[in-house]
Protein chains: 2
Amino acid sequence: MPEGTPTIYDIAREAGVSIATVSRVVRGEENVSKKTREKVQAVIQSRNFMPSSLARGMSSRRSYTLGIVLPRLTNPNYAEIFTGASEEARSRGYHISMFPWQSLIDPQGNQALTLASWRLDGVIICVEYTPENQGETLIRSLEALRSYMPVVLIGCVPQCLQYPAITYHMAEIVRQSVSYLTELGHEKIALIGGMEADQDESRRDVGYLEGLADHKLPFISSYRVFCRGTPEEGEKALDAILDGLMPAYWPTAVLALNDLVAMGLYRSAKKHGLSIPNDLSIMGCDNIVSAAYLSPALTTIDMCQQALGKRAVDLLLCGEDMRQRAEWKLVERESCGPVPQRL
Amino acid sequence: MPEGTPTIYDIAREAGVSIATVSRVVRGEENVSKKTREKVQAVIQSRNFMPSSLARGMSSRRSYTLGIVLPRLTNPNYAEIFTGASEEARSRGYHISMFPWQSLIDPQGNQALTLASWRLDGVIICVEYTPENQGETLIRSLEALRSYMPVVLIGCVPQCLQYPAITYHMAEIVRQSVSYLTELGHEKIALIGGMEADQDESRRDVGYLEGLADHKLPFISSYRVFCRGTPEEGEKALDAILDGLMPAYWPTAVLALNDLVAMGLYRSAKKHGLSIPNDLSIMGCDNIVSAAYLSPALTTIDMCQQALGKRAVDLLLCGEDMRQRAEWKLVERESCGPVPQRL
DNA sequence: AATTTTGATGAAAACGCTTACAATACTGGT
DNA sequence: ACCAGTATTGTAAGCGTTTTCATCAAAATT
């Protein structure tokens with residue numbers, strides 16, 4: 001079927017001009033006479049001609065296309081980043097296309113630079129540390145990729161890499177979250193964190209410890225656990241904390257890795273007969289759409305993902321080698337309340 | 001920066017062979033002596049050589065890349081489709097990349113076939129009818145696109161187009177949903193539907209009417225409304241129904257367009273003092289991850305989106321011109337219950 | 001009217017691969 | 001040692017654009 005695709009030659013012949021002229025018309029160059037332009041445009045319309053980006057990219061070495069790679073789409077908040085990036089790109093005349101994580105690193109842990117082969121004008125990579133993709137492989141892939149196109153990183157940026165990036169200041173976020181909870185009277189605060197790179201500022205556990213210290217609260221190791229960012233894992237994680245402790249020692253507030261995990265916590269809490277926020281306060285992170293519709297509505301950190309996507313495109317296109325911080329704000333809803341008065 | 005990107009010539013020179021040989025090694029052809037192969041591979045490794053997909057695509061007219069275009073990513077269920085498609089593609093040696101809806105139709109309603117310019121090996125298009133993209137423009141875009149690459153449609157397929165497709169049998173789904181609710185004793189069932197193409201089988205309202213008829217229930221026009229697929233719109237839609245009717249005439253069950261809308265219904269119900277499912281039963285559609293974590297957990301239709309994504313790739317690659325039906329199943333949770341006994 | 005300037009067009013060489021097809025280097029059988 | 005047959009390698013012609021440079025006609029200047 002893709003046989004009849006017309007080329008610039010077909011158009012040129014049919015319009016009785018040279019291919020150079022067709023090329024000029026297609027790219028909207030000025031120096032073509034009105035008459036010729038109209039003639040050519042007519043033929044283009046009638047043949048539904050669409051110049052090949054491949055050929056264009058080859059000869060001009062620009063594709064006006066960016067790439068974005070996201071770890072998983074099962075977390076709706078990556079979708080937000082994509083949406084933001086996509087809008088910004090479009091408004092600047094660029095096209096953006098999303099590549100799965102495997103185009104960077106395949107499931108066997110090899111670098112699989114499908115991405116590099118496309119010779120894009122740049123790529124945004126949203127890095128999430130998981131046990132599988134830490135360290136070596138990731139770093140090698142990124143370095144190799146970078147020799148092919150400009151790269152902007154979002155999220156957790158490995159210490160040793162000096163890339164333009166927009167980073168999450170997770171330590172600070174968690175620290176302030178702890179503050180927020182202590183103001184509500186909580187002293188037994190648990191943290192369900194993730195794997196968070198080697199960079200202090202992107203580590204929740206670092207901020208957690210700081211937060212506790214700020215308020216002279218002891219660090220209780222069974223209050224800090226790590227898990228993956230899914231509801232199931234969240235549920236298990238809280239189960240583990242609660243089942244391992246006498247009720248008297250149960251935390252009164254939990255900081256979750258993200259909203260998905262928070263949803264899992266809701267279920268675990270229910271199972272253990274805890275009402276939110278009366279017996280247990282829960283705080284999420286990301287502010288995904290559903291967060292507002294849980295009951296009780298989830299108090300969480302809005303990570304402004306759309307804005308983040310936009311800024312990433314911006315950074316990529318301006319070409320400066322900067323590291324910026326992502327914005328965020330706490331959104332208070334109903335899942336955090338005053339510490340329960342146990343009698 | 002993207003200056004130093006090595007070409008096949010660089011590799012050839014450095015390895016002391018011809019470019020044809022390098023090409024053979026890169027593509028893993030058999031007929032290269034072991035010695036040569038190793039020599040070339042070493043150079044490829046050391047230079048981090050990644051052949052240009054552009055050049056490759058041009059000369060071979062295959063890219064081993066598929067496209068997928070989804071209307072919006074704000075509905076997590078599209079993410080599921082992508083995930084499924086992505087996995088299936090990979091297992092068949094293809095790469096898949098996602099394009100935003102604007103690469104098909106731009107916001108001004110013009111066809112913007114960025115997609116066509118990439119000369120992909122095929123593309124999956126997930127069609128959602130909205131007031132903006134109905135009819136003409138969409139159809140013209142699809143037709144034009146199809147002359148460039150094979151197309152498989154998912155979702156609501158315009159009547160007049162004979163494309164290979166996997167369609168939702170919405171009419172049947174809604175009809176059976178009505179049955180399910182009548183078995184619980186409901187007689188006042190509302191439908192919050194969407195814009196659903198011109199095809200009977202993809203129209204919820206058609207199935208709704210059939211369902212009512214099956215059970216000899218009257219059609220009450222204020223019970224049927226249309227809305228867009230967001231929580232906000234859902235909330236408004238139910239508000240409108242409830243506010244427009246005396247409580248005695250309020251529906252006892254509502255069928256929602258999708259789970260996002262259902263979440264909006266929860267909020268509206270709460271606002272009107274209705275408890276779910278005691279006063280009002282709610283049924284969603286899609287079975288997004290969050291659905292299971294609402295309280296009460298949402299009874300919904302699992303649209304098996306991952307499987308759908310896989311099947312779409314399958315259909316695209318097998319090249320047959322078939323129309324299939326998407327699978328689905330009702331998942332019972334807590335949001336639907338027996339009809340309230342009003343005294 | 002002759003000359004210069006300007007504007008519109010065309011010819012041809014890249015761009016980095018694949019892929020016939022041709023050429024060469026081996027192999028084993030005599 | 002010779003030849004056919006086979007395995008390996010190289011040559012060169014595309015693929016569909018952009019872009020530089022040259023050409024040519026028309027308009028502007030003298």
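Side chains are part of it too, since the values below use all heavy atoms of this structure and drop only hydrogens, waters and symmetry mates. In the text below, chain A, chain B and the rest are named by the order of the sequence lines, each starting its count at 1.
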Margin query: Regarding B:S23, tell me which of base, sugar-phosphate or nothing describes its non-hydrogen contacts under 4.0 Å with the strands shown.
Written below: base

Notebook entry, point to check: Between which nucleotides of DNA chain D, 5' to 3', does chain B make heavy-atom contacts below 4.0 Å?
Noted result: D:dT8 to D:dT17

Notebook entry, point to check: Between CE of A:M58 and OG of B:S59, what distance do you get to the nearest 0.5 Å?
Noted result: 8.0 Å

Margin query: One pair to check against side chain to side chain donor-acceptor pair (under 3.5 Å): B:S86 and B:R90. What are the steps and the verdict?
Written below: CA-CA 6 Å; B:S86 176; B:R90 192 155 45 77; 5.4 Å; no

Next item on the list: Answer yes or no: is there an ion pair linking A:R13 with A:D10, defined by an N-O contact shorter than 4.0 Å?
Entry: yes

Notebook entry, point to check: Which whole-number value in Å describes the distance from A:R13 CZ to C:dT9 P?
Noted result: 19 Å

Check: What string of B, S and - do you get for nucleotides 22-27 of chain C, 5' to 3', if B is base contact, S is sugar-phosphate-only contact and - is no contact with any protein heavy atom under 4.0 Å?
Finding: ------

Next item on the list: Kindly confirm or rule out a cation-pi arrangement of B:R323 over B:Y163, judged by NZ or CZ under 6.0 Å from the six-membered ring centre and within 45° of its axis?
Entry: no

Item checked: Contact nearer the 5' end of DNA chain D, comparing B:S18 with A:A20 -> B:S18

Notebook entry, point to check: At what distance, to the nearest 0.5 angstrom, does CD1 of A:I81 lie from CE of A:M98?
Noted result: 11.0 Å

Margin query: Quick check on C:dG10: is either OP1 or OP2 less than 4.0 Å from any side-chain nitrogen or oxygen of A:T21?
Written below: yes

Item checked: Sugar-phosphate only, base, or nothing, as touched by B:R62 at under 4.0 Å among non-hydrogen atoms -> nothing

Item checked: Within residues 25-46 of chain B: residues closer than 4.0 Å to DNA chain C (heavy atoms) -> B:R27

Check: Can you pull the salt bridge (charged side-chain N to carboxylate O under 4.0 Å, His left out) pairs that have at least one residue in residues 64-81 of chain B, sequence neighbours excluded?
Finding: B:R72-B:E128

Under 3.5 Å, which protein N or O atoms sit close to an N or O of nucleotides 13-15 of chain C? Give each pair with its distance.
{"residue": "C:dC15", "atom": "O3'", "partner": "A:R61", "partner atom": "NH2", "Å": "3.0"}
{"residue": "C:dC15", "atom": "O2", "partner": "A:S59", "partner atom": "N", "Å": "3.4"}

Return all side-chain donor-acceptor pairs below 3.5 angstrom for residues 43-50 of chain B, not counting sequence neighbours, or 'none' if the list is empty.
{"residue": "B:S46", "atom": "OG", "partner": "B:V43", "partner atom": "O", "Å": "3.1"}
{"residue": "B:R47", "atom": "NH1", "partner": "B:E14", "partner atom": "OE1", "Å": "2.8"}
{"residue": "B:N48", "atom": "OD1", "partner": "A:Q111", "partner atom": "NE2", "Å": "3.4"}

Item checked: The single option from B:L316, B:D314, B:V123 passing side chain to side chain contact (heavy atoms under 4.5 Å, CB included) against B:V152 -> B:L316

Next item on the list: Specify whether B:Y64 and B:Y94 have parallel, tilted or perpendicular ring planes, treating 30° as the upper limit for parallel and 60° as the lower limit for perpendicular.
Entry: tilted

